Student: 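Below you'll find the structure I mean.
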Amino acid sequence: MDKHYNFREIESKWQKNWAESRLYKVSEQSDKPKYYVLEMFPYPSGNLHMGHVRNYSIGDVVARFKHMQGYNVLHPMGWDSFGLPAENAAIKHGVFPRDWTLSNIDNMKKQLKSMGLSYDWDREVTTCLPEYYKWTQWLFIQLYKKGLAYKKHAAVNWCPSCATVLANEQVVEGCCERCGTQVEKKALDQWFFKITDYAQRLLDDLEKLPGWPEKVKTMQHNWIGRSEGCEAMFKTEAGDELPVFTTRVDTIFGVTYMVLAPEHPMVEKLTKGTEYEQPVAEFVKKVQQLSNIDRTSGNLEKEGMFIGAYAINPANGDKVPIWITNYVLMDYGTGAVMGVPSHDERDFDFAHKYDLPIIRVIAESADKADEPLTEAYTDIGVLVNSGKFNGMTNKPDAIGAICDWLEEQGLGKRVINYRLRDWLISRQRYWGAPIPMVYCEKCGPQPVPDEELPVLLPTDVEFLPFGESPLKTSASFAEAKCPCCGGPATREMDTMDTFMCSSWYYLRYCDAHNDQAPWNKEKTDYWLAVDQYIGGVEHAILHLMYSRFFTKALYDMGLVSQEEPFTNLLTQGMVLKDGTKMSKSLGNVVSPEEIIDKYGADTARLFILFAAPPERDLEWNDSAVEGCYRFLNRIWKLIYSIHEAGYQPRELTAADKELRRVVHATLKKVTEDIAGRFNFNTAISAMMEMVNAMSAYRDAEGEAANADVICDAAEKLIIMLSPFAPHICDELWQQTGHADVVYNQPWPAYVEEYLQKAEVEIAVQVNGKLKARLVIPSGLDQAGTTAAVEAHADYAKWLGDKQAVKTIVVPDKLVNIVVK
RNA sequence: GCGGACGUGGCGGAAUUGGCAGACGCACCAGACUUAGGAUCUGGCGAGUGAUCGUGAGGGUUCAAGUCCCUCCGUCCGCACCA
């Protein structure tokens, strides 16, 4: 056996071996239970970063462990390869997006392979290739046929720098999620998916996901933003309807004004031809300009103006002035809000600023009805100044009663509102899947027939973003034939949001090369749902919500049998250096390539799993990496020395049994840490302890090591470590005389009986303070333990001059003597 | 403002069900081997001379609290005029 650990040789040898023997290939033909472990596929930027290394190391431990535990494991990898960076690179370097992307994939695949990950590469998917996006387009058409894809003219989020529109989810604090540029509003005809149809199910089914982090579920919950309320029908003096949405209909008798969003269609109608027309139009324009900069971020000073019209309150017939303000949004509720300064903080501030009246309609008790308000009263109370509802508790009684009352008169209705908006999927950029629609003057919009898919991306295009789709610069792309009448038609020029491609890739892995359908349902029925999904928390809303929506829509069409795609979700923390995220601009990037080159993939994997539990952020530490490298070297030397020593078997001594106990205790801990809670860091530290114990046993004075015990320990160590550091383990396994690879070994079971200790050290406490540690035979009951403690020579000393009144015994752990 | 997570040695972290706080590793210190060591091995390593004190601060429950309850402070993340 080789004396030294030569990771370079070992790692390339085994990577080659695994690839040539197709070790990680899987199929549905298996008697074993299935297990689908998936890591979020990368965007092929060209180089792996430490976040990838962390993500894929975690997934690989799970995949290898589950396989060894007897599961038929699907563990695939692919490329989320449409998107802006390729296009930007094309513009900058004059290369073609496809070439740039494919060469990046090539490079990253090499890097991934150098990590020794157990992927079935035969199932690789690449979203930018026609064999994949053909089905992305096909799925678009299915959604269209179901009425879940529609085109509308709407004010949309526009990033001037990326020269394309963005989904609401891609706007962060008023800025483009990608480039940070202030997002503007632009009115365009765009394609949307009706994700709002699924708002309630997306919300309800979060409860069916106990294996998801609370944090992610809370974020989705808030993003969906369900709120129950009442739509109350206010009317203008002329009788035009002006419904308002409110969750506080109990305050309706306190309305002293009404507010419309500046964009509200009634604003123009109500002011036309009046003295207010000009100033109102100016105000609206000002707010709209402002909205580009501030309206969605920061603390905007509330401003507004009276528009010269009045509304009638349906509850009491009061005539209240109609205002417009910068704090009412057109795209939530009805774009109209009732102003109740007495019981809403924003309305209170606004009323103060513009001297609007304040009428109290809720008080702590009826006799406090006339107490002046210095701030909005938002607590629970009873109704006052509210006609026949006076004296009623506001929540929930008055809300229900007033709703009923309005409904009876046809003046209101119960309504549920969601903050979630439909998903805007049109993009005015080149490097995406073309939206497979054609427009015919006679027949209107028509989906491209299946047999004409895919609609290929043209190559004769100008990439420079100019605010419209680059596909328009192609000489031939626009021309199409109407599938309906056969007449001339024009193609849709926009491409799809790349989040569409990643909303179904986990399905394609089940049947990656099917050219007749996106997948065979028998195959997805077998593999789905993903048992364990692993990725960054930054996808908590976008990707994870869209994928859930997709799965539900596909379920409703009968294309899949699952309503939720991912049973368990692990969100890994970031990899930090010097306390901040690694980034090129800060110059604190540690390259995985360099680390693998210097210490090997096994060390890199081991460190990244050892340094912190997976959900938490991880601080990169060069010398701790060396520590892991030393650990692998110690193991190598340990196994080498055992192998060379030629130990003999014999009857078990106490020391032999103790080592055997450590081995089985470690096995138990490692198994539970991987399977139960993904605490790889403590699994590794347990193996380090075991290695320390093996060295101490080997070097102990007296009898030489027992071959049975130490060789069994070595074998189990190699098996246990193999999901973490697979190359070194296969090499050690082979060099110690085994034929097959460790991956094909069953995960060993620990033997309960071997975990028993003959003696245990217990703590002796007096009133909870530690006084001594005592070695006693294990398994003593309460009385036996108490007797052993009381028989101890120092017993009287522990008590001092006090009397023992009670003794608490935790068997094999501690004794606490309560004294007075 | 609302929601979530967290706070333990010089550092990363462990303590899974309320039961010996600081496992394991890093850094550091000492020793061995050595011409030499940034290699390897061995030992030490929360504070305090000590009794003791110690898990962000203060209080509480308990025989026993890092863990449970209350109040407060701090850090990070998400959402943010959603009527």
Side-chain angles (χ1 to χ4, degrees), chain A residues 172-174 213-223 225-227 229 244-249 251 259 261 295-300 302 325-329 331-340 344-347 349-350 417-420 537-538 540-541 573-574 579 606-607 610-613 615-628 630-631 633-634 637 669 672-673 676-677 679 681-692 695 699 761-774 805-819:
Chain A
V172 178
E173 287 178 359
E214 276 315 308
K215 178 184 174 159
V216 173
K217 288 193 277 186
T218 307
M219 283 167 74
Q220 293 209 354
H221 190 275
N222 293 342
W223 191 263
R226 177 190 156 103
S227 94
V244 301
F245 174 71
T246 177
T247 55
R248 291 295 309 277
V249 74
T251 65
V259 197
R295 203 172 165 201
T296 48
S297 66
N299 293 326
L300 184 67
K302 290 177 180 52
T325 72
N326 57 359
Y327 76 90
V328 172
L329 310 170
D331 58 355
Y332 184 77
T334 61
V337 173
M338 60 188 209
V340 187
D344 181 281
E345 278 173 40
R346 294 158 303 187
D347 297 350
D349 293 346
F350 191 75
N417 257 317
Y418 300 91
R419 292 182 47 200
L420 184 71
V537 75
E538 65 272 18
I541 295 173
M574 288 187 293
L606 200 64
F607 165 75
F610 178 58
E615 310 82 3
R616 222 183 290 185
D617 287 349
L618 179 156
E619 174 70 30
W620 185 265
N621 179 336
D622 287 316
S623 41
V625 176
E626 290 197 40
C628 289
R630 278 202 288 270
F631 173 59
N633 273 287
R634 273 205 303 279
K637 280 187 273 186
K669 176 144 184 69
E672 290 172 355
D673 280 356
R677 48 177 214 160
N679 277 20
N681 55 330
T682 52
I684 293 167
S685 59
M687 289 187 280
M688 288 173 168
E689 286 179 77
M690 176 171 150
V691 167
N692 293 344
S695 302
D699 299 338
E761 189 182 68
I762 62 162
V764 178
Q765 296 177 337
V766 172
N767 284 357
K769 303 272 183 222
L770 182 69
K771 290 292 172 188
R773 293 175 220 269
L774 203 57
V805 293
K806 194 177 172 188
T807 306
I808 285 142
V809 178
V810 182
D812 290 350
K813 276 217 171 129
L814 73 88
V815 170
N816 188 14
I817 306 160
V818 186
V819 300

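Protein chains get the first letters and strands the later ones, always in sequence-line order, with residue 1 at the start of each. Worth saying up front: this structure is predicted, and the values here are computed from it rather than measured.
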Student: In terms of heavy-atom contacts, does CD of A:Glu345 have more than 12 from other residues, nucleotides or ligands at under 6.0 Å?
Tutor: no

Student: Could you work out which one of B:A83, B:A15, B:G19 sits closest to the side chain of A:Arg677?
Tutor: B:A15

Student: Check the distance between B:A27's P and A:Phe607's CZ and give it to me in whole angstrom.
Tutor: 12 Å

Student: Counting side-chain heavy atoms from CB outward, which of B:G19, B:G3, B:C26 is closest to A:Asn222?
Tutor: B:G3

Student: May I ask you to say what A:Asp617 touches in the nucleic acid, namely base, sugar-phosphate or nothing, with a heavy-atom cut-off under 4.0 Å?
Tutor: sugar-phosphate

Student: Do you know the tightest heavy-atom contact between A:Gly768 and A:Asn816?
Tutor: N-OD1, 2.9 Å

Student: From C-beta outward on A:Arg634, which listed nucleotide comes closest to its side chain: B:G4, B:C41, B:C63?
Tutor: B:C41

Student: For A:Asn222 versus A:Arg419, what's the shortest heavy-atom pair and its separation?
Tutor: O-NH1, 3.5 Å

Student: Rounded to whole angstrom units, what separation is found between the CG atom of A:Asp331 and the P atom of B:A83?
Tutor: 13 Å

Student: When you check the phosphate oxygens OP1 and OP2 of B:A83, does a side-chain N or O of A:Ser227 lie under 4.0 Å from one of them?
Tutor: yes

Student: Do A:Leu814 and A:Val764 have side-chain heavy atoms sitting under 4.5 Å apart?
Tutor: no

Student: With the side chain of A:Thr682 defined as its heavy atoms from C-beta on, choose the nearest nucleotide among B:C81, B:A14, B:C79.
Tutor: B:A14

Student: Can you tell me how far C1' in B:G46 sits from the matching atom in B:U8, rounded to whole Å?
Tutor: 10 Å

Student: Under 4.0 Å, counting only non-hydrogen atoms across every strand here, what does A:Gly333 touch: a base, just sugar-phosphate, or nothing?
Tutor: nothing

Student: Say we look at B:U42 and B:U61: how far apart would their C1' atoms be, to the nearest angstrom?
Tutor: 47 Å

Student: What is the nucleic acid contact for A:Glu345, judged by heavy atoms within less than 4.0 Å: base, sugar-phosphate only, or nothing?
Tutor: nothing

Student: Say you pick atom P in B:G3 and the same atom in B:G19; how far apart are they, in whole Å?
Tutor: 30 Å

Student: Would one find a side-chain N or O of A:Asn692 under 4.0 angstrom from OP1 or OP2 of B:A23?
Tutor: no

Student: State, to 0.1 Å, how close A:Phe607 and A:Asn621 come at their nearest heavy-atom pair, and which atoms those are.
Tutor: CZ-N, 3.7 Å

Student: Taking the C1' atom in each of B:G18 and B:C11, what is the distance between them to the nearest angstrom?
Tutor: 29 Å

Student: Show your working on side chain to side chain contact (heavy atoms under 4.5 Å, CB included) between A:Val625 and A:Cys628 and close with a plain yes or no.
Tutor: CA-CA 5 Å; A:Val625 176; A:Cys628 289; 5.7 Å; no

Student: Report the residue (A:Asn621 or A:Asp347) whose heavy-atom-nearest nucleotide on RNA chain B is the more 5′ of the two.
Tutor: A:Asn621

Student: For A:Ile541 and B:G78, what is the distance between atoms CD1 and C1' respectively, to the nearest whole Å?
Tutor: 7 Å

Student: Nearest whole Å is fine: how far is B:C76 P from A:Lys215 NZ?
Tutor: 13 Å

Student: So which heavy atom on A:Leu329 is nearest to which on A:Ala261, and how close?
Tutor: C-CB, 3.9 Å

Student: Is the backbone of A:Pro613 close enough, under 3.5 Å, to the side chain of A:Asn679 for a donor and an acceptor to pair up by distance?
Tutor: no

Student: A:Arg419 has a side chain; which of B:A83, B:C26, B:A80 sits nearest to it?
Tutor: B:A80

Student: It should be established whether A:Tyr332 places a side-chain nitrogen or oxygen under 4.0 Å from OP1 or OP2 of nucleotide B:A83.
Tutor: yes

Student: Could you tell me how far B:A5 sits from B:C53 if I compare only their P atoms? Round to whole Å.
Tutor: 33 Å

Student: State which of B:C24, B:C81, B:C63 makes the closest approach to the side chain of A:Glu689.
Tutor: B:C24

Student: Report the nucleotide, chosen from B:A15, B:G78, B:G19, that has the shortest atom-to-atom distance to any side-chain atom of A:Met219.
Tutor: B:G78

Student: Over all strands shown, is A:Phe610 touching base, sugar-phosphate only, or nothing at heavy-atom distances under 4.0 angstrom?
Tutor: base

Student: Dot-bracket for RNA chain B, please, read 5' to 3', with Watson-Crick or G-U wobble pairs under 3.5 Å on both distances, ( ) within the strand, [ ] crossing, | other strand, . unpaired.
Tutor: (((((((..(((......[....))).(((((.......))))).((....))..(((((..]....))))))))))))....

Student: Starting from P on B:A64, measure out to CD1 on A:Ile762 and report it in whole angstrom.
Tutor: 19 Å

Student: Rounding to an integer number of angstrom, what distance separates B:C6 and B:G66 when you compare their C1' atoms?
Tutor: 13 Å

Student: Checking all strands, does A:Lys669 fall into the base, sugar-phosphate, or nothing category for heavy-atom contacts under 4.0 angstrom?
Tutor: base

Student: Report the distance from atom CE of A:Met688 to atom P of B:A14, rounded to the nearest whole Å.
Tutor: 14 Å

Student: As a test of the definition: with a 90° window around 0 for syn, would you call B:G50 syn or anti?
Tutor: anti

Student: Expressed as a whole number of Å, how far does the P atom of B:G12 sit from that of B:G7?
Tutor: 12 Å

Student: On a heavy-atom basis, which atom in A:Val244 and which in A:Thr334 lie closest, and how many Å separate them?
Tutor: CA-OG1, 3.5 Å

Student: Tell me the closest heavy-atom pair linking A:Met338 and A:Asp347, and the distance in Å.
Tutor: O-OD2, 3.6 Å

Student: Which part of the nucleic acid, if any, lies within reach of A:Lys637 when heavy atoms closer than 4.0 Å are counted: base, sugar-phosphate only, or nothing?
Tutor: sugar-phosphate

Student: Taking any heavy-atom pair under 4.0 Å as a contact, classify A:Val337: base, sugar-phosphate, or nothing.
Tutor: base

Student: OP1 or OP2 of B:C26 less than 4.0 angstrom from a side-chain nitrogen or oxygen of A:Arg630, does that happen here?
Tutor: yes

Student: If you look at every strand shown and take non-hydrogen atoms under 4.0 Å, does A:Asn633 touch a base, only sugar-phosphate, or nothing?
Tutor: nothing

Student: Please give the distance between the C1' atoms of B:G38 and B:A47 as a whole number of Å.
Tutor: 32 Å

Student: Using whole Å, report how far CZ of A:Arg616 lies from C1' of B:C77.
Tutor: 15 Å

Student: Less than 6.0 angstrom from the centroid, inside 45 degrees of the normal: does A:Lys302 satisfy that with respect to the ring of A:Tyr327?
Tutor: yes

Student: Remember a base hit wins even if backbone is also touched, and classify A:Asn681 as base, sugar-phosphate or nothing at under 4.0 Å, heavy atoms.
Tutor: sugar-phosphate

Student: Please report, rounded to the nearest Å, how far the P atom of B:C81 is from the CE atom of A:Met338.
Tutor: 20 Å

Student: Hey, which of these two, A:Ile684 or A:Leu814, hits RNA chain B nearer its 5' end, going by closest nucleotide?
Tutor: A:Leu814

Student: Counting only side-chain heavy atoms from C-beta out, which of B:A15, B:G12, B:A83 sits nearest to A:Ala611?
Tutor: B:G12

Student: Check whether any side-chain N or O of A:Lys771 sits under 4.0 Å from OP1 or OP2 of B:U52, and answer yes or no.
Tutor: yes

